[in-house]
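Inspection log for the structure reproduced underneath, given as structure tokens.
All values reported here derive from a predicted model rather than from experimental measurement.
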Amino acid sequence: MDAKNRFETRTTFFLLRLEWLGGLAICAALTVRHFSEMRWAVFAGLFAVIDVIGYIPGAVAFRRSRDGRISRWYFVAYNTMHSLVTAGVVAGLWAVLVKPEWALLALPLHLLGDRALFGNSLKPFGVSFEPESHPEYADFERKYSTSTGRRCDASRRDADAVRL
């Protein structure tokens, strides 16, 4: 929401997902438009590498963990591979060292798809690797949604901070 209140209400999170969906639609349209120019093996590899490095190892470790706690390095790997900055660096290096090509659209397609369709973004260390409600956040959410404080106008009273 802002620099002092780093959470989203259902509405603001929905609006963010709509923005990401707009970017996803543009990338998808470009992919369809340049279908015949696409090197599909490169596309598939770039699309997959994000999860092969950034998600699958952490997901396996999480499922194998008895208490759900895993090394922070899995979070770092996830966040690094699911970063638009990393994707931009990879695409830039690929364009310079290999060649600019439409297959690079796999990177924003994957990341924008994760954000727009699944609501996933970067993972903080203090939450479960796989999505589950954090008890303290659930408590905050309940308190926020029923707040009648003077700084809470009627439009916010029924809003909560849950993702769609």
Test log, rule side chain to side chain contact (heavy atoms under 4.5 Å, CB included), inputs Tyr55 and Ile50: CA-CA 7 Å; Tyr55 172 69; Ile50 293 169; over 6 Å; no
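- Checked by atom type and distance alone, the side chain of His110 pairs as donor or acceptor with a backbone atom of Phe47 at under 3.5 Å.
- Side-chain atoms of Arg63 come within 3.5 Å of backbone N or O of Ala59 as a donor-acceptor pair.
- Closest approach of Val42 to Ala103, counting heavy atoms only: CG1-CB, 3.7 Å.
- Taken to the nearest 0.5 Å, the OH atom of Tyr137 stands 12.0 Å off from the CG atom of Asp139.
- Considering Thr11, Thr12, Asn5 as possible partners of Thr9, the one that fulfils the side chain to side chain donor-acceptor pair (under 3.5 Å) test is Thr12.
- Side-chain heavy atoms closer than 4.5 Å link hydrophobic residues (I, L, V, M, F, W, Y) into clusters, and following such links, possibly through other members, connects Val49 to Val98.
- Distance check: Phe118 CZ to Arg17 CZ gives 9.5 Å after rounding to the nearest 0.5 Å.
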Derivation and outcome, side chain to side chain contact (heavy atoms under 4.5 Å, CB included), residues Phe125 and Val76: CA-CA 9 Å; Phe125 293 136; Val76 171; 3.9 Å; yes
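- The CH2 atom of Trp20 sits 5.5 Å away from atom OG of Ser121, with the distance rounded to the nearest 0.5 Å.
- Here the side chain of Thr86 pairs no donor or acceptor atom with the backbone of Met81 at under 3.5 angstrom.
- Taking a 6.0 Å sphere around CD of Glu136, one finds it holds 12 or fewer heavy atoms contributed by other residues, nucleotides or ligands.
- To the nearest 0.5 Å, the span separating CG on Asp51 from CD1 on Ile56 amounts to 6.0 Å.
- Looking only at side-chain heavy atoms (C-beta outward), Phe129 and Ser65 stay at 4.5 Å or farther from each other.
- Stacking of Lys123 on the aromatic ring of Phe75 is not recorded, the 6.0 Å distance cut-off and the 45° axial limit not both being met.
- Cluster annotation: Phe43 is connected to Leu112 through the hydrophobic network of ILVMFWY side chains, with a link wherever side-chain heavy atoms come within less than 4.5 Å.
- Among all heavy-atom pairs drawn from Leu111 and Ser83, the shortest one is CD1-O, 3.6 Å.
- Note on Val32 and Met38: separate hydrophobic clusters, where clusters join Ile, Leu, Val, Met, Phe, Trp and Tyr whose side-chain heavy atoms are under 4.5 Å apart, directly or indirectly.
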Side chain to side chain contact (heavy atoms under 4.5 Å, CB included) between Glu101 and Trp94, worked out: CA-CA 9 Å; Glu101 60 182 303; Trp94 188 281; 2.7 Å; yes
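- Tracing side-chain contacts under 4.5 Å through hydrophobic residues (I, L, V, M, F, W, Y), one never reaches Val90 starting from Val85; they form parts of separate clusters.
- Connection of Val60 to Ile70 is established within a shared hydrophobic cluster, with ILVMFWY side chains joined at heavy-atom distances below 4.5 Å, either directly or through further cluster members.
- In terms of heavy atoms, Ala87 sits closest to Leu107 at O-CD1, 3.6 Å.
- In terms of heavy atoms, Ser133 sits closest to Ala138 at OG-CB, 3.6 Å.
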Candidate pair Leu24 and Leu117, rule side chain to side chain contact (heavy atoms under 4.5 Å, CB included), full reasoning: CA-CA 9 Å; Leu24 178 63; Leu117 303 176; 4.0 Å; yes
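- Ring centroids of Phe7 and Tyr144 are separated by less than 6.0 Å, placing the two rings close together.
- Side-chain atoms of His82 come within 3.5 Å of backbone N or O of Tyr78 as a donor-acceptor pair.
- Although no hydrogens or angles enter the test, the distance criterion places a donor-acceptor pair under 3.5 Å between the side chain of Thr31 and the main chain of Cys27.
- Rounding to the nearest 0.5 Å places CG of Leu46 at 9.0 Å from CZ of Arg39.
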Candidate pair Glu19 and Arg115, rule salt bridge (Lys or Arg N to Asp or Glu O under 4.0 Å), full reasoning: CA-CA 10 Å; Glu19 286 185 14; Arg115 286 165 171 76; over 6 Å; no
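- Remark: Leu21 CG to Ile26 CD1 distance equals 10.0 Å, nearest 0.5 Å.
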